[in-house]
Amino acid sequence: MPEQPEVEHAARRLREALVGRRVRDLALLHPALRRTLDDAAAASLAGRTVVGVERRGKHQLLRLDDGRTLHAHFRMAGDWAIGRDDAPLPRHARAVLQCEDGTRVALVDPRALASLTILAAGEPSPVLGPEADDPALDVATLRASLARRRGPIKPVLLDQRVVAGVGNIYAAEALWHAHISPRAVASSLGPVRVGRLLDGIRTALAEGARTATRYRDDAAGADLAVYGREGEPCRRCGAPIRRIVQAGRSTYFCPSCQRT
DNA sequence: TATTCCCTGTGC
DNA sequence: GCACAGGGAATA
């Protein structure tokens, strides 16, 4: 289940599998995908060649040789299954992109929340904030964008217009690294804490990238600092990790060393 | 700014 | 059964 590091890894695999290959067809296997793409639009990909694959935040952009873009978003549970078309389709395959040379990419998505859309040539991709690794993202920029926000910092970090690609796991991890309470009011953060937060975001995402060669499972989850560790000792101070709910999502934090 | 909903699966 | 799941758009 993807956050930005997992999506980056997925996009790399996709690039390797698809760039230079010609599409035979795109089949939609689950009706939920028709919320954003109809069969005629999917069929219009036939004969197109994939010329590039980019990632922006958690979005994947498949550039086509006619200038259009197939835009994929995994949401909560998506992933690519990449292989040859003689292999059996995996369970929960919701869409299948078949190439002329036998390469087959399946969108595997148990919850059927992922989306596929087609962007016309020149049509803008979704509005997102800067990438976490963008050198233009500095303390002043981040502080300015937080200054306009009234609520607690943790839900604000999930807003993709603040920093693209930060999800529920890494928002919690970043705040832990930064010693900042998830309940701290975003606009109240001064330059020192925003500096720590920016470092924390980068640290958390870099740490995620190291272990994102595949999707997290129980074993891989073991190296997260706070996420999913309710009741377990803080790796820094030993106090029990707490779970609270903010904006309908779980937040994990150490009430002892993330005080303000 | 917080809830509700989209879907389905897993684990208690 | 019910709570919960890594996202985000649509609501109230």
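So you know, we letter chains A, B, ... as the sequences are listed, proteins then strands, and number each from 1.
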>> From CD1 of A:I169 over to P of C:dA5, roughly how many Å is that when rounded to an integer?
In response: 10 Å
> Using atom P of each nucleotide, how far apart are C:dG8 and B:dT10 to the nearest Å?
Replying inline: 23 Å
> Is A:R249 touching bases, backbone alone, or none of the nucleic acid, heavy atoms closer than 4.0 Å?
Replying inline: base
> When rounded to the nearest Å, what value does the distance between C1' atoms of B:dT4 and C:dC4 take?
Replying inline: 16 Å
>> I'd like the C1' distance from C:dA9 over to B:dG9, given in whole Å.
In response: 22 Å
>> Tell me whether A:R229 contacts the main-chain N or O of A:P233 through its side chain, where contact means a donor paired with an acceptor under 3.5 Å.
In response: yes
> Taking only side-chain nitrogens and oxygens of A:R75, does any of them come within less than 4.0 Å of OP1 or OP2 of B:dC7?
Replying inline: no
> Looking only at heavy atoms, which two atoms of A:P126 and A:H71 are closest? And how far apart?
Replying inline: CG-CE1, 3.6 Å
>> Between C1' on B:dT1 and NZ on A:K154, what's the gap in Å once rounded to a whole number?
In response: 14 Å
> B:dT8 P sits how many Å from A:F74 CZ, rounded?
Replying inline: 19 Å
> So does A:H59 get a side-chain nitrogen or oxygen closer than 4.0 Å to the phosphate oxygens (OP1/OP2) of C:dG7?
Replying inline: no
> How far does the P atom of C:dA3 sit from the matching atom of B:dC5, given to the nearest Å?
Replying inline: 15 Å
>> Expressed as a whole number of angstroms, how long is the span from A:L128:CG to C:dA9:C1'?
In response: 14 Å
> Between atom CG in A:L157 and atom C1' in C:dG8, what is the gap in whole Å?
Replying inline: 16 Å
> At under 4.0 Å, does any side-chain N or O of A:H73 touch on OP1 or OP2 of C:dG8?
Replying inline: yes
> For C:dG8, does OP1 or OP2 lie under 4.0 Å from any side-chain N or O of A:Q160?
Replying inline: yes
>> Please determine whether a side-chain nitrogen or oxygen atom of A:R243 lies at a distance below 4.0 Å from atom OP1 or OP2 of C:dC4.
In response: yes
> Nearest of C:dC4, C:dG7, B:dC7 to any side-chain atom of A:S250?
Replying inline: C:dC4
>> Using a 3.5 Å distance criterion without hydrogens, assess whether the side chain of A:Q160 forms a donor-acceptor pair with backbone atoms of A:L158.
In response: yes
>> Less than 4.0 angstrom between a side-chain N/O of A:R111 and OP1 or OP2 of B:dC6, yes or no?
In response: no
> Hey, are the side chains of A:L137 and A:R202 touching, using non-hydrogen atoms and a 4.5 Å cut-off?
Replying inline: yes
>> Assuming nearest nucleotide by heavy-atom distance, tell me which of A:R150 and A:R94 is located more 5' along DNA chain B.
In response: A:R150
> Between A:L113 (CG) and C:dG7 (P), how many Å, whole number?
Replying inline: 11 Å
> Among B:dT3, B:dC7, C:dA5, which is the nearest nucleotide to the side chain of A:A247?
Replying inline: B:dT3
> For A:R161, does the CZ atom sit with more than 12 other heavy atoms under 6.0 Å from it, leaving out its own atoms?
Replying inline: no
>> Taking pairing as Watson-Crick or G-U wobble with both contacts under 3.5 Å, can you name the mate of B:dC7, or confirm there isn't one?
In response: none
> Are A:H30 and B:dC7 close enough that a side-chain N or O sits under 4.0 Å from OP1 or OP2?
Replying inline: no
>> What is the separation between atom CZ on A:R35 and atom P on C:dG8, rounded to the nearest whole Å?
In response: 14 Å
>> Between C1' on C:dA3 and CE on A:M76, what's the gap in Å once rounded to a whole number?
In response: 13 Å
>> Main chain of A:E100, side chain of A:R22: is a donor-acceptor contact present, judged purely on distance under 3.5 Å?
In response: no
> Is the distance from OP1 or OP2 of C:dG8 to the nearest side-chain N or O of A:S115 less than 4.0 Å?
Replying inline: no
